[in-house]
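Let me begin by presenting the structure, written as structure tokens, before commenting on it.
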Protein chains: 2
Amino acid sequence: MSRNYAGLSRERIIIEALHIIAGRGLGGLSMRRLGDALDVEAMAIYHHFPRGKEQLFNAIAAYVTTARVVSGLTEGQGPPEEEPGSEEAPAEAAEADDRPWDERLTTWAEAYRARLLTYSGALSLLMHRAPHTLGEEDTRALLHTAFTEAGLAGTDVPRACDALHSYCLGSVAHQVRHRGQEDSPEEAEALARFRFGLRALLGGLSG
Amino acid sequence: MSRNYAGLSRERIIIEALHIIAGRGLGGLSMRRLGDALDVEAMAIYHHFPRGKEQLFNAIAAYVTTARVVSGLTEGQGPPEEEPGSEEAPAEAAEADDRPWDERLTTWAEAYRARLLTYSGALSLLMHRAPHTLGEEDTRALLHTAFTEAGLAGTDVPRACDALHSYCLGSVAHQVRHRGQEDSPEEAEALARFRFGLRALLGGLSG
DNA sequence: ACCTGAACACCGTTCAAGT
DNA sequence: ACCTGAACACCGTTCAAGT
């Protein structure tokens, strides 16, 4: 039929997919429905994600976990990692944060939580996918230096990083899990609970 | 064709489903495949789970989260909750635990972690389902009294419970997420990391 | 009550074809 | 390079029918 230069891109596809997920849940995302939303035949998506839905899922997971995402510039240098999802912006100079370690960690944790909450429909995608993005590398460095500053050393550092990651991920999972239940807390109280546990964890880690 | 008194039951179906999930992942579980594994036409499952796959998923989630599960005795009294998944055994007298609160919590947390790890293939099912089982009620009581004993009061108690739940769930999710990755820890080190964070969290909560 | 078998609408994916 | 359209194997679910 009529040709369709839809101007498809990996990022457009991912974003549209996230909209569908937000509206109808992860189970409501089908290639055909995604095609419809993009005004394209479902099969057009395979040109951008040749390995199909699994690859799309990986890209969504990477998109969700990586903070700095920017429109599809730097195309065509061959992917340095498996599924970067989309290209990442340069580290915008990271303007050295001179606040105490616990404030830096708290800021990071609350931002990470907010991000997971925003894409909570895709949360179960993260359960079996740990994308290897540049953002993850930055996070690793941030947490590492903060915990070192807190007085940790040796194997305690990666263990503390793990604990913090686990707490954030679990906290959002736990909140989503009980959402819409009888006595489930409002977002304000949910945030308060998150902070309560976070303070305890950070205190216990540095003690 | 030949009649088939397969002796199907909700529990048999759930257990077979868990086997398939363990072997081929959650996406590999289809009603038809489940029927094959049970030597039955797929449609026979709908007699035991009239609301289909969604109801089966709820039942699996309940089965996974509830410790005390026993074969399908007490049938036919009408479900007191939405999807109990299968019947639960009586509380087996709970033989009062007189150890200090932190040891009791540690024991609970490690058992909960082990259980989630056993059914890690079904982990993403728990992400959007918080079944209302008797076992959950017991847990609530256990954690509540332990944290009260630790010196917490008022809103701090449910917040501490939330934090502990979140940490356990997130810890398993985090482990499964990185499983099979280059420098992902062995199970022994994973357990050590879990304990490290758990000790920190409990210490921070009671401090 | 418990299970079968055909049917329907939908799905992911392949492949040849169009521009 | 980018997208279409038909095709195939598979899926969840309904419904009438068997015992």
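To find a chain, count down the sequence lines: A is the first, B the second, and so on, and within it residues start at 1.
- A straight line from CG of B:Leu34 to C1' of D:dC11 spans 14 Å, rounded to a whole angstrom.
- When Watson-Crick and G-U wobble pairs are counted only if both distances are under 3.5 Å, C:dT19 pairs with D:dA1.
- A 4.5 Å side-chain heavy-atom check between B:His48 and B:Arg12 finds every atom pair outside the cut-off.
- By the 4.5 Å heavy-atom criterion applied to side chains, A:Tyr119 and A:Leu126 are not counted as neighbours.
- The nearest whole Å value for the distance from the CG atom in A:Asp36 to the C1' atom in D:dC3 is 15 Å.
- B:Gly35 comes within 4.0 angstrom of no nucleic acid atom, judged by non-hydrogen atoms across all strands.
- Shown here, C:dA6 forms a base pair with D:dT14; the pair counts as Watson-Crick or G-U wobble because both key distances fall under 3.5 Å.
- Within a 6.0 Å radius of CZ in B:Arg179, more than 12 heavy atoms belonging to other residues, nucleotides or ligands are found.
- Atom C1' of nucleotide C:dA6 and atom CD of B:Glu41 are separated by 11 Å, given to the nearest angstrom.
- Taking both residues in full, the closest heavy atoms of B:Leu34 and B:Ile20 are given as CA-CD1, 3.7 Å, listed atom of the first, atom of the second, then distance.
- Taking atom NE2 of B:His47 as the reference point, atom P of D:dT19 lies 17 Å away to the nearest angstrom.
- Two residues are said to be in side-chain contact when any heavy atoms from C-beta on lie closer than 4.5 Å; B:Pro158 and B:Arg140 fail this criterion.
- Taking side-chain N and O atoms only, A:His48 has a distance below 4.0 Å to OP1 or OP2 of D:dC3.
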Tabulate below the donor-acceptor pairs under 3.5 Å that side-chain atoms of residues 188-195 of chain B make, not counting sequence neighbours, or state none.
from: B:Glu189; atom 1: OE1; to: A:Arg159; atom 2: NH2; distance (Å): 3.2
from: B:Glu189; atom 1: OE2; to: A:Arg159; atom 2: NE; distance (Å): 3.4
from: B:Glu189; atom 1: OE2; to: B:Arg193; atom 2: NE; distance (Å): 2.9
from: B:Arg193; atom 1: NH1; to: A:Asp162; atom 2: OD1; distance (Å): 3.3
from: B:Arg193; atom 1: NH1; to: A:Asp162; atom 2: OD2; distance (Å): 3.2
from: B:Arg195; atom 1: NE; to: B:Glu110; atom 2: OE2; distance (Å): 2.7
from: B:Arg195; atom 1: NH2; to: B:Glu110; atom 2: OE1; distance (Å): 3.0

What are the atom names and distances for every N/O pair under 3.5 Å that joins the protein to nucleotides 12-14 of chain D?
from: D:dG12; atom 1: OP1; to: B:Met31; atom 2: N; distance (Å): 3.3
from: D:dG12; atom 1: OP1; to: B:Lys53; atom 2: NZ; distance (Å): 2.7
from: D:dG12; atom 1: OP2; to: B:Met31; atom 2: N; distance (Å): 2.8
from: D:dG12; atom 1: N7; to: B:Arg32; atom 2: NH1; distance (Å): 2.4
from: D:dG12; atom 1: O6; to: B:Arg32; atom 2: NH1; distance (Å): 3.4
from: D:dG12; atom 1: O6; to: B:Arg32; atom 2: NH2; distance (Å): 3.1
from: D:dT13; atom 1: OP2; to: B:Tyr46; atom 2: OH; distance (Å): 2.8
from: D:dT13; atom 1: OP2; to: B:Lys53; atom 2: N; distance (Å): 3.0
from: D:dT13; atom 1: O5'; to: B:Tyr46; atom 2: OH; distance (Å): 3.4

